[in-house]
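Everything on this sheet refers to the single structure shown next.
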Amino acid sequence: MKSQSILSVERPTNEPLSFDIPTKPLIIEITPQERNILSNVGSLLVKAFSNYENPEYISSLHLHAFQLLPERITRILSRFGTDFSAEQYGAIVFKGLLEVDQEDLGPTPPNWQGADFGKLNKYGFICSLLHGAVPSKPVQYYAQRKGGGLLHAVIPDENMAMTQTGSGSKTDLFVHTEDAFLSHQADFLSFLYLRNEERVPSTLYSIRSHGEVNAVMEKLFEPIYQCPKDANYEDEDTSDSGPLACVLYGNRELPFIRFDAAEQIFNENAGQTSEALNNLMDFWDEAKTLINSDYIPNSGDLIFVNNHLCAHGRSAFIAGQRIENGEIIKCERRQMLRMMSKTSLIHIRSVTKTNDPYFIMEEHLGKVFNFD
C-alpha cells in the first residue's frame, strides 16, 4: 500500500528518511464495479452457507476472501494487516463499500436487542470477508453482550443515552481501543454504517500521530496503570482494582497502545495512583489535540481499524434528528454493524471456550470468566 504521507525531498545519505506524521485515515473510494462485485458475492455466500457464522464457511474464510473479494481491496487489507510503520495511521475508510437498501432495512429498532439479523446476514458475510483478507478470524467476546455473535448491531438506546457505550448518544464517546481491559483484545475492527442520517462524526486517534516517542510517552511503557472493566458490565462491580498493565507496549520506537480515556482517566473509581493518573493526564493533553473528527460516515461506508494502533469514538448526537439550516429535521435513527477479529486462534486458546475457539471468555487482563 502506497504511503499517504512520505515526502519526496532531497537529503544527505546519512540522514534518516523523513515523512509527514499521519494525522488521518487512508480513504479508499470504492468503484461501482467493486461495489457490484461485493453485492453479488454477499448474495452468493448467503445461498451457499445460509449464515456467516456457519463453521464450514468460517473455517475456510481466508480462502473465500482471496478468491471472491475485488483484488484491489484484498491487496489493501493484506498489506494493512502487517504494516505497523511510522506512516501507518491504523485506520482505512472504504467509502461507498455497499449500497444499502434503506426500505428493505426498515426502521431502526429501539436497541441492539431488537435488530433483525435476517436482514443483516448479507452484510455479515461481506464484513467477514474483509477480515479474512487481513488475514484474521472473526471472534466474539463474552465480555461484550455475553458474546452476542460475530456481528454486533450498534444502535442508540434511549435508556443508555448518557453512557460511554456504543448504545450511548447524548455524550461524546471518548476515544478508546476496543476492550482495553483485556489482554487478548481484538486485533482488527470493522464498522459498517447502514445509516447515519444524524450526520454524526466518527472520531479516530492514532498513536502514530504523535510522531517519535517522547518523554511523556516513555512513562506509559511502565506497568503501573489500571485498565478498569468498561461500561458494558451493566450488572457487575467495576470499581475493584485489577492487574496493572502498560498503556504502550510492543516495539519501543513504534509502539502499540492500550487506552480508554473514559475508564482510565475520567472514571473516579479507576483506582489509579497519583503517579499513573498524572502520566495519563499529561498524555491526554497531547492525545486529545490529535483526535480526527473530520469524517462523517455515509450509508454504506466502512471503517477498518487496527485496534493496536488506532482508537475510535464518536461525537454526541440526538438520535433520530439532525439540524439543517437551523431547523430540527426528524430522520431515521443511526445503525452500525461492528465485527472484531484476531490474527491467531492459537494465541488466544487459553481464554476461549473448549468447543469454540472463536469465543473468547476473558474477563479482565488474563482472568477468565468462572461460572462454577
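This chain uses plain numbering: 1 for the first residue, then up along the sequence. The model shown is predicted, which means the values in this text are computed figures rather than measured ones.
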Just by modelled atom types, is the E53 backbone N or O under 3.5 Å from a matching donor or acceptor in the N51 side chain? yes
Kindly indicate, with the supporting measurements, whether the criterion side-chain contact (heavy atoms from CB on, under 4.5 Å) is fulfilled by C331 and E198. CA-CA 7 Å; C331 62; E198 296 97 336; 3.9 Å; yes
Is the side chain of R258 donor-acceptor paired with the backbone N or O of L182 at a distance under 3.5 Å, no angle test? yes
V175 backbone acceptor or donor facing R314 side chain under 3.5 Å: no
Closest non-hydrogen contact found for H131 with S341 is ND1-OG, 2.7 Å
For the student: nearest non-hydrogen atoms of E222 and E275, plus distance: OE1-OE2, 4.0 Å
With a 3.5 Å cut-off and no angle check, do the side chains of N298 and R199 form a donor-acceptor pair? yes
Side chains of R252 and E218: does their closest heavy-atom pair fall under 4.5 Å? yes
Which of these passes side chain to side chain contact (heavy atoms under 4.5 Å, CB included) with F304: L189, L77, V93? L77
Backbone N or O of A319 within a donor-acceptor pair of the R334 side chain at under 3.5 Å? no
Under the side-chain contact (heavy atoms from CB on, under 4.5 Å) rule, what do R72 and I28 come out as? Steps first, then yes or no, please. CA-CA 10 Å; R72 182 175 73 120; I28 302 296; 3.6 Å; yes
Could you check F174 against I265 for side-chain contact (heavy atoms from CB on, under 4.5 Å), going step by step and ending with a plain yes or no? CA-CA 11 Å; F174 284 104; I265 299 176; over 6 Å; no
Please say whether more than 12 non-hydrogen atoms of neighbouring residues, nucleotides or ligands are located less than 6.0 Å from CG in L277. yes
Is K170 paired with E158 through a side-chain N to carboxylate O contact shorter than 4.0 Å? yes
Is there a side-chain contact between Q335 and L105 (heavy atoms, below 4.5 Å)? yes
Measuring only between side-chain heavy atoms, which start at C-beta, is F181 closer than 4.5 Å to D260? no
Between Q102 and S299, is there a side-chain donor-acceptor contact under 3.5 Å, judged purely by atom types and distance? yes
Closest non-hydrogen atoms of T177 and C310, given as atom of the first, atom of the second and distance, are CG2-O, 4.2 Å
Please tell me if the side chains of Q164 and T171 come closer than 4.5 Å, counting only heavy atoms from C-beta onward. yes
Step through the shown structure and confirm whether more than 12 heavy atoms of other residues, nucleotides or ligands are within 6.0 Å of NZ on K119. yes
Taking N121 for the side chain and S50 for the main chain, is one N or O donor matched with an acceptor at less than 3.5 Å? yes
Sub-3.5 Å donor-acceptor pair from the side chain of Q226 to the main-chain atoms of G242, do we have one? yes
Linked, directly or transitively: Y57 and L345 (ILVMFWY side chains, under 4.5 Å): yes
Pairing donors with acceptors under 3.5 angstrom, does anything connect the side chains of D187 and T343? yes
Would you say that K137 contacts K342 through its side chain, given a criterion of any heavy-atom pair below 4.5 Å between the two side chains? no
Name all residues meeting the ring pair (Phe, Tyr, Trp, His ring centres under 6.0 Å) criterion together with Y249; count only those two or more places apart in sequence or in a different chain, and write none if there are none. F256
With a sphere of 6.0 Å drawn around NZ of K122, does it hold more than 12 non-hydrogen atoms of other residues, nucleotides or ligands? yes
Check whether the side chains of Y89 and N292 place a donor and an acceptor atom closer than 3.5 Å, and report yes or no. no
Please answer whether the main-chain N or O of H347 pairs with a side-chain N or O of S344 as donor and acceptor at a distance below 3.5 Å. yes
Any side-chain to backbone donor/acceptor pair from N36 onto P32? Under 3.5 Å, distance only. no
Test log, rule ring-ring contact (aromatic ring centres under 6.0 Å, His included), inputs F371 and Y142: CA-CA 12 Å; F371 298 111; Y142 189 85; 5.1 Å; yes
Looking only at heavy atoms, what is the nearest atom pair of Y295 and I303, with distance? CE2-CD1, 3.7 Å
Do L192 and V139 belong together in a cluster built from hydrophobic side chains that touch within less than 4.5 Å? yes
ILVMFWY cluster, L290 and M281 together (side-chain gap under 4.5 Å): yes
Apply side-chain contact (heavy atoms from CB on, under 4.5 Å) to the pair F49 and H64, showing each step before the final yes or no. CA-CA 12 Å; F49 295 102; H64 295 306; 3.6 Å; yes
Say you draw a straight line from CD1 of I346 to OG1 of T352; how long is it, rounded to the nearest 0.5 Å? 11.5 Å
Could you check whether N214 and E286, counting side-chain N and O atoms only, form a donor-acceptor pair closer than 3.5 Å? yes
For P201 versus S293, what's the shortest heavy-atom pair and its separation? CB-O, 3.7 Å
Residue pair S128 / L61, side-chain heavy-atom distance below 4.5 Å: yes
Going from CZ on F191 to CG on D301, what distance comes out if it is rounded to the nearest 0.5 angstrom? 14.0 Å
Using 0.5 Å steps for rounding, measure from the CG atom of L337 to the CH2 atom of W112. 14.0 Å
When rounded to the nearest 0.5 Å, the distance separating CG of D157 from CG of N111 is 5.0 Å
I'd like to know if the side chain of R35 and the backbone of E99 have a donor-acceptor N/O pair within less than 3.5 Å. no
Hydrophobic cluster membership, with links at side-chain heavy-atom distances under 4.5 Å among I/L/V/M/F/W/Y: are L44 and F125 in one? no
Side-chain touch L130/L97, heavy atoms, less than 4.5 angstrom: yes
Is there a donor-acceptor contact under 3.5 Å linking the side chains of E178 and H312? yes
Answer with yes or no whether the side chains of R75 and S78 bring together a donor and an acceptor at under 3.5 Å. no
Should the ring pair F259 and W284 be called parallel, tilted or perpendicular, given that the plane angle runs from 0 to 90° and is split at 30 and 60? tilted
According to a hydrophobic-cluster definition based on side-chain heavy atoms being under 4.5 Å apart (Ile, Leu, Val, Met, Phe, Trp, Tyr only), do F188 and Y52 belong together? yes
For the CD atom of E34 and the CD1 atom of I73, what is their distance to the nearest 0.5 Å? 4.5 Å
Please check this pair: side chain of Q140 against backbone of G149, looking for a donor-acceptor N/O pair closer than 3.5 Å. yes
My understanding is that only one of I21, I257, L254 makes a side chain to side chain contact (heavy atoms under 4.5 Å, CB included) with R208; could you say which? L254
Is any side-chain heavy atom of N307 less than 4.5 Å from a side-chain heavy atom of M340? no
When rounded to the nearest 0.5 angstrom, what distance separates NZ in K367 from NZ in K229? 5.5 Å
Step-by-step ring-ring contact (aromatic ring centres under 6.0 Å, His included) determination, H152 to Y141: CA-CA 11 Å; H152 287 176; Y141 290 82; 9.0 Å; no
Minimum heavy-atom separation for L129 to L69, with atom names? O-CD1, 3.4 Å
Could you verify whether a donor N or O on one side chain and an acceptor N or O on the other, from D179 and Q144, lie under 3.5 Å apart? yes
